[in-house]
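Single-structure report; data block below.
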Amino acid sequence: MIDENESPELTEDEKRLFADLMPEDLNEILDTGVNRRHFLKLITMAGGGVLAAQSAVAEQLMTRPFAETGTAEFAPDSLDNGVSVSFKVNGTARKLTVDSRMTLLDTLRERLDLTGSKKGCDHGQCGACTVIVNGQRILSCLTLAASCEGKTVQTIEGIAQGSTGATTRLHPVQEAFLKHDGFQCGFCTPGQICSAVAMLDEAKKGHLSYVSENVRQPAAPAKLSNEEIRERMSGNICRCGAYPNIVAAIQEVHSGKPVEQIFRSV
């Protein structure tokens with residue numbers, strides 16, 4: 001019986017496949033087995049039609065368990081700049097040692113397997129990595145994990161109500177995104193939803209925006225126009241262009257009233 005963490009020995013055909021397609025990785029593969037990075041390379045080549053002539057061998061490879069890497073890489077003794085950080089993620093206390101330069105985004109994705117938060121531009125410009133820290137939306141690609149010591153982090157995996165319990169119910173923003181088709185490819189959606197949830201909370205607290213009409217009014221729940229919603233969500237980019245649907249979904253949750261679904265065709 002093969003242990004789930006053990007990569008089975010490659011056949012001669014599989015070795016030849018890697019020698020042809022990934023000669024630069026061959027020694028590593030023979031030493032430590034096929035890991036996630038090699039597997040993703042195979043998937044990419046399959047999508048590009050490169051594996052057509054060797055499809056049977058490739059299919060056999062893709063159904064094998066691959067070697068898990070990263071355990072030694074992230075072992076505390078192997079980190080030159082390791083720091084211990086403790087925080088709550090989606091209601092669960094987590095404590096781990098990370099490189100002092102490691103971002104919150106990479107920590108969530110690579111260390112905690114919370115891959116809902118997406119790495120888009122990795123420069124804080126697209127908003128795909130948006131998560132909520134201590135109730136405020138932040139760009140996790142620009143936030144060091146070490147700076148989150150003692151804080152509460154909420155990712156898209158923890159947005160649904162009761163997401164940590166036996167019964168789960170979608171957050172109203174999630175339901176509205178589904179109703180109004182507020183996504184197409186879905187890559188930006190986790191960041192859009194986290195940003196929308198936090199933004200609606202900001203509006204309830206009376207936070208102002210660039211297009212607020214009266215900046216001298218006392219703090220009170222803000223009534224958001226569609227223009228306000230677009231301004232407050234402007235840090236979240238949707239390359240598919242689903243903005244009207246996103247605004248409609250957020251407006252419906254904000255107003256508590258049904259928003260007519262408008263579908264335009266060119």
TODO: Give a yes or no answer on whether the side chain of H254 reaches the backbone of L224 with a donor-acceptor pair at less than 3.5 Å.
DONE: yes
- [ ] Check whether any side-chain heavy atom of Q184 sits under 4.5 Å from a side-chain heavy atom of C238, and report yes or no.
- [x] no
Task: Flag, side chain of E157 to backbone of G116, donor-acceptor distance under 3.5 Å - done: yes
Open item on the list: So does T115 get a backbone contact from the side chain of K118, meaning a donor-acceptor N/O pair under 3.5 Å?
Closed with: yes
TODO: Decide yes or no for T152 and F87: does some side-chain heavy atom of the first lie under 4.5 Å from some side-chain heavy atom of the second?
DONE: no
Task: Of all pairs that satisfy salt bridge (charged side-chain N to carboxylate O under 4.0 Å, His left out), the ones with a partner from residues 83-101, not counting sequence neighbours - done: D99-R101
Task: I229 reachable from V259 in the ILVMFWY side-chain graph, under 4.5 Å edges - done: no
- [ ] Measure the spacing between CG of L96 and OG of S84 and express it to the nearest 0.5 Å.
- [x] 7.5 Å
TODO: Starting at OG of S209, measure out to CD of E202 and round the result to the nearest 0.5 Å.
DONE: 10.0 Å
Open item on the list: Less than 4.0 angstrom from a charged side-chain N to a carboxylate O is my criterion; do D201 and K205 meet it?
Closed with: yes
TODO: Heavy atoms only: give me the nearest A128-F187 pair and the separation to one decimal.
DONE: CB-CE2, 4.2 Å
TODO: State the CE-CD1 distance between M199 and I132, to the nearest 0.5 angstrom.
DONE: 11.5 Å
Task: Where T155 and S117 come nearest, the two heavy atoms and their spacing - done: CB-OG, 4.1 Å
Open item on the list: Testing the basics here: between F177 and F183, what is the closest heavy-atom pair and its distance to 0.1 Å?
Closed with: O-CE2, 3.7 Å
TODO: List the steps, then state whether side-chain contact (heavy atoms from CB on, under 4.5 Å) holds for C141 with T103.
DONE: CA-CA 6 Å; C141 76; T103 65; 5.5 Å; no
Task: N134 side chain to K151 backbone, donor-acceptor under 3.5 Å - done: no
TODO: For N236 and G191, indicate whether the former's side chain and the latter's backbone hold a donor-acceptor pair under 3.5 Å.
DONE: yes
TODO: Kindly indicate, with the supporting measurements, whether the criterion side-chain contact (heavy atoms from CB on, under 4.5 Å) is fulfilled by M102 and L144.
DONE: CA-CA 6 Å; M102 194 171 197; L144 292 177; over 6 Å; no
- [ ] Indicate yes or no: at least one non-hydrogen side-chain atom of T97 is less than 4.5 angstrom from one of V85.
- [x] no
Open item on the list: Ignoring hydrogens and geometry beyond distance, is a side-chain donor-acceptor pair present between N90 and Q154 at under 3.5 Å?
Closed with: no
Open item on the list: Nearest 0.5 Å, please: how far is OG in S140 from CG in L108?
Closed with: 6.0 Å
Task: side-chain contact (heavy atoms from CB on, under 4.5 Å) between V197 and I159, worked out - done: CA-CA 8 Å; V197 168; I159 291 293; 4.3 Å; yes
- [ ] Compare all side-chain heavy atoms of V98 with those of R111 and state whether any distance is below 4.5 angstrom.
- [x] yes
Task: For C240 against C185, the heavy-atom pair lying closest together - done: SG-N, 3.5 Å
TODO: Report the C-alpha separation of K179 and E175 in whole Å, then their side-chain angles, then the decisive distance to 0.1 Å, and conclude whether the salt bridge (charged side-chain N to carboxylate O under 4.0 Å, His left out) test is met.
DONE: CA-CA 6 Å; K179 175 182 175 181; E175 292 180 337; over 6 Å; no
- [ ] Identify, with sequence neighbours excluded, every residue that meets salt bridge (charged side-chain N to carboxylate O under 4.0 Å, His left out) alongside R230.
- [x] none
Open item on the list: Could you report the tightest heavy-atom contact between A19 and L26, atom names first, then the distance?
Closed with: CB-CD2, 3.9 Å
TODO: Compare all side-chain heavy atoms of I156 with those of I193 and state whether any distance is below 4.5 angstrom.
DONE: yes
- [ ] Verify, without hydrogens or angle tests, whether E110 (side chain) and T107 (backbone) share a donor-acceptor contact under 3.5 angstrom.
- [x] no
TODO: Could you state whether V83 and L105 fall into the same hydrophobic cluster, counting links through intermediate Ile, Leu, Val, Met, Phe, Trp or Tyr residues with side-chain heavy atoms under 4.5 angstrom apart?
DONE: no
Task: Those residues that, when tested against E227, pass salt bridge (charged side-chain N to carboxylate O under 4.0 Å, His left out) (two or more places apart) - done: none
Task: In one Ile/Leu/Val/Met/Phe/Trp/Tyr side-chain cluster, 4.5 Å: L112, V131 - done: yes
Open item on the list: Could you go through L170 and L178, starting from their C-alpha distance and side-chain angles, then the distance that decides it, and tell me whether this counts as side-chain contact (heavy atoms from CB on, under 4.5 Å)?
Closed with: CA-CA 10 Å; L170 291 180; L178 287 171; 3.6 Å; yes
Open item on the list: Taking the basic N atoms (NZ, or NE/NH1/NH2) and the acidic carboxylate oxygens, is any pair closer than 4.0 Å for D106 and K119?
Closed with: yes
Open item on the list: My understanding is that only one of D122, T130, L104 makes a side chain to side chain contact (heavy atoms under 4.5 Å, CB included) with L139; could you say which?
Closed with: T130
Open item on the list: Does either side chain, that of R137 or that of S195, offer a donor lying less than 3.5 Å from an acceptor on the other one?
Closed with: yes
Open item on the list: Main chain of Q125, side chain of H123: is a donor-acceptor contact present, judged purely on distance under 3.5 Å?
Closed with: no
Task: Least distance between heavy atoms, I237 atom then C188 atom - done: O-CB, 3.4 Å
Open item on the list: Just verifying a value: how many Å separate R232 CZ and L200 CG, rounded to the nearest 0.5 Å?
Closed with: 9.5 Å
Open item on the list: So does S86 get a backbone contact from the side chain of E149, meaning a donor-acceptor N/O pair under 3.5 Å?
Closed with: yes
- [ ] Report the distance from atom CD of E252 to atom NZ of K257, rounding to the nearest 0.5 Å.
- [x] 12.0 Å
